[in-house]
Amino acid sequence: MRTATLGPAERAESLAGMAERELDVLVVGAGVVGAGTALDAVTRGLSTGLVEARDWASGTSSRSSKLIHGGLRYLEMLDFALVREALKERGLLLERLAPHLVKPVPFLYPLQHKGWERLYAGSGVALYDAMSMARGHGRGLPTHRHLSRRHALRVAPALKKDALIGALQYYDAQMDDARYVATLVRTAASYGAKVANRARVTGFLREGERVVGAKVRDIEGGAEYAVRARQIVNATGVWTDDTQAMVGERGQFHVRASKGIHLVVPKDRINSSTGLILRTEKSVLFVIPWGRHWIIGTTDTDWDLDKAHPAASSADIDYLLEHVNSVLSVPLSRDDVEGVYAGLRPLLAGESDATSKLSREHTVAHPVPGLVVVAGGKYTTYRVMAKDAVDEAVHGLDQRVAECVTEDIPLLGAEGYRALWNARARIAARTGIHVVRVEHLLNRYGALAEELLDLIAADPSLGEPLPAAEDYLRAEIVYAASHEGARHLDDILTRRTRISIETFDRGTRSAREAAELVAPVLGWDKGQIEREVEHYEKRVEAERESQRQPDDLTADAARLGAPDIVQF
């Protein structure tokens, strides 16, 4: 089993190593596309670096609907190529690349019109399944089925009786998006990529018209590095235009940000054994099973304010509650909402003003020699985007380079996962950890769960749940800092775990113990522990305040009341 430890020492070594000798490829931005690009490049035999200004997946890639899907509604737009591509990727992720992280999830689509709607929607879902099976990647999911109203209400008793006359049930897949990206980064590192978060590109190195490297500042220590690379890939998502401005080029396309917000509510607030997909006047609304919770989303509105911390306003929250309550027999209130998060989709700007009509397809360009730009797309097809970006970069390398092999490169933790899953009762008996906890670890870390079990064996107190966030073990907090590159409390409570959206206190009651657990790993003294806890508490309060504001402008101003713990 390949492994890669991303602790403080490894980060320092990566930064120093990037500056020592010229890389073949330097990737800027460690969202899912940037991380995927680094893995693609390094597995073709190219010397590869990856830098991220904040944390892995700290932008769009940790704030999605957490779905791996073919894009059922793109069938309605007759975009068969995009759906076909996404269904192939969904199958690869479920069956080969990341079966420990990507799981099937059922959805119920309520029908509200007799006759034509069942035929129309049923034909679409049948085509969706057929396209999946035709690619040979649909074996991991059950096919759709038609339900009567009575049967649908047995599956989802939470629905109002008059909200449907029948239903369709179909399957897609889901994952923890931030955990997926962290695993991608670690997989790239295991093949030799040099990776560093909290490392910001402040400018590009030029020789004439050609870009030959980047100026990288270590946000944590303040050191500046000149990282030379034969090709640089700009994979900065909604920051694409800002990054392009550093070379005085806006590029051949413009990336526009669309805000989507999600609510998290406890599982017991909606009585259903399946997720829901509902039509709204503008788009679709998902109610997605998420462990002991539901995720409800999303919105789709233009955003031109702070990109680092998009804010959910009171109006956004009311919009989602109003639409989901239109079909629920017991309505949700603000008091039922545990967590709220907002993310920005990087959309390729078209001629339409409505962001829901902008392209979800991706584009790759080579605006100046030495610099490749990749933008747009959707989470599910990140691997295709990464392949296209590296293919473009290879054109600028004066050497033969192997073809993309990531279709056959399982992520860390995939190899051996199914065998360990089958042995989970035996593992529980051997370690003394309840089998439910073992399942939790296997579904978050796959075969790498053995590394957490080793931590617990060395210190049994790490096998205890984290107070006020009992879904997570104390070992997971330590592991986030020692193995997964977490540098701050925010990284741990927001992205390595989901405590920030899965508890009503949003992680504030867990913050101090979590900080004390990672202090020895990250070299924090008492003063730094206090700063980390204080910053986290202020961040939560700023988010709560933003969610009380009536509109985007006031919500953005309130959210900016809590500065980042590392100033940029």
Side-chain angles (χ1 to χ4, degrees), residues 4 6 9-30 33-53 56 184-236 240 243-244 246-249 251 364-374 386-406 485:
L6 299 184
E10 289 78 15
R11 176 180 175 277
E13 288 170 11
S14 282
L15 278 169
M18 281 188 242
E20 278 179 7
R21 59 179 61 89
E22 185 182 49
L23 298 168
D24 291 324
V25 175
L26 174 66
V27 183
V28 182
V33 176
T37 300
L39 177 60
D40 188 294
V42 76
T43 53
R44 296 195 199 197
L46 299 172
S47 60
T48 304
L50 172 68
V51 292
E52 162 59 45
W56 320 132
L184 260 182
V185 173
R186 290 186 68 193
T187 306
S190 77
Y191 284 98
K194 300 181 188 306
V195 303
N197 53 359
R198 307 287 177 181
R200 183 181 184 83
V201 169
T202 59
F204 290 105
L205 306 175
R206 304 288 290 266
E207 288 181 1
E209 285 296 302
R210 187 173 188 82
V211 173
V212 296
K215 301 171 189 172
V216 177
R217 181 159 66 91
D218 176 4
I219 300 298
E220 305 280 81
E224 301 271 355
Y225 297 88
V227 179
R228 296 184 67 84
R230 298 166 67 197
Q231 290 288 310
I232 292 178
V233 178
N234 172 7
T236 52
T240 298
T243 310
Q244 288 302 101
M246 293 183 192
V247 289
E249 299 282 339
V364 175
H366 219 138
V368 294
L371 180 65
V372 171
V373 186
V374 56
K387 173 187 178 298
D388 290 349
V390 177
D391 283 346
E392 185 65 32
V394 163
H395 290 318
L397 299 176
D398 188 21
Q399 67 184 76
R400 288 184 62 86
V401 177
E403 293 293 314
C404 171
V405 294
T406 54

Shortest non-hydrogen contact from [X] to [Y]?
X	Y	result
Arg200	Ala53	NH1-CB, 3.8 Å
Gly29	Leu50	O-CD1, 3.6 Å
Ser190	Ala4	N-CB, 3.7 Å
Ala193	Val42	N-CG2, 3.6 Å
Leu46	Val390	CD1-CG1, 4.4 Å
Leu184	Gly36	CD1-N, 3.8 Å

Exercise for the section: Run the numbers on Val374 and Asp388 for side-chain contact (heavy atoms from CB on, under 4.5 Å), then give the verdict. Expected result: CA-CA 8 Å; Val374 56; Asp388 290 349; over 6 Å; no
Interatomic distance, [X] atom [atom1] to [Y] atom [atom2] [nearest 0.5 angstrom]:
X	Y	atom1	atom2	answer
Ile232	Leu205	CD1	CG	7.0 Å
Gln244	Phe204	CD	CZ	7.0 Å
Asn197	Glu220	CG	CD	7.5 Å

Problem - side-chain hydrogen bond (donor to acceptor under 3.5 Å, both in side chains) partners of Asp218, counting only residues at least two apart - result: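 In terms of side-chain hydrogen bond (donor to acceptor under 3.5 Å, both in side chains), with neighbours along the sequence ignored, Asp218 is linked to Arg11.
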Taking the side chain as everything from C-beta on, heavy atoms only, tell me whether [X] gets closer than 4.5 Å to [Y].
X	Y	result
Val201	Val51	yes
Val211	Met246	no
Val185	Leu6	yes
Glu392	Val233	no

Problem - Worked verdict on Lys387 versus Thr406 for side-chain contact (heavy atoms from CB on, under 4.5 Å) - result: CA-CA 8 Å; Lys387 173 187 178 298; Thr406 54; 5.6 Å; no
Expected list for residues 14-23: side-chain donor-acceptor pairs under 3.5 angstrom, two or more places apart:
{"unit_1": "Ser14", "atom_1": "OG", "unit_2": "Glu10", "atom_2": "O", "d": "3.3"}
{"unit_1": "Ser14", "atom_1": "OG", "unit_2": "Val195", "atom_2": "N", "d": "3.3"}
{"unit_1": "Ser14", "atom_1": "OG", "unit_2": "Val195", "atom_2": "O", "d": "3.3"}

Exercise for the section: Go through the steps to decide whether Val372 and His395 satisfy the test side-chain contact (heavy atoms from CB on, under 4.5 Å), and finish with yes or no. Expected result: CA-CA 10 Å; Val372 171; His395 290 318; over 6 Å; no
Exercise for the section: Can you run down the side chain to side chain donor-acceptor pair (under 3.5 Å) pairs that involve residues 34-43, sequence neighbours left out, and say none if there aren't any? Expected result: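 Found Asp40-Arg44.
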Exercise for the section: May I ask you to check whether over 12 heavy atoms, not counting those of Gln399, lie within 6.0 Å of atom CD? Expected result: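 Check passes, neighbour count above 12.
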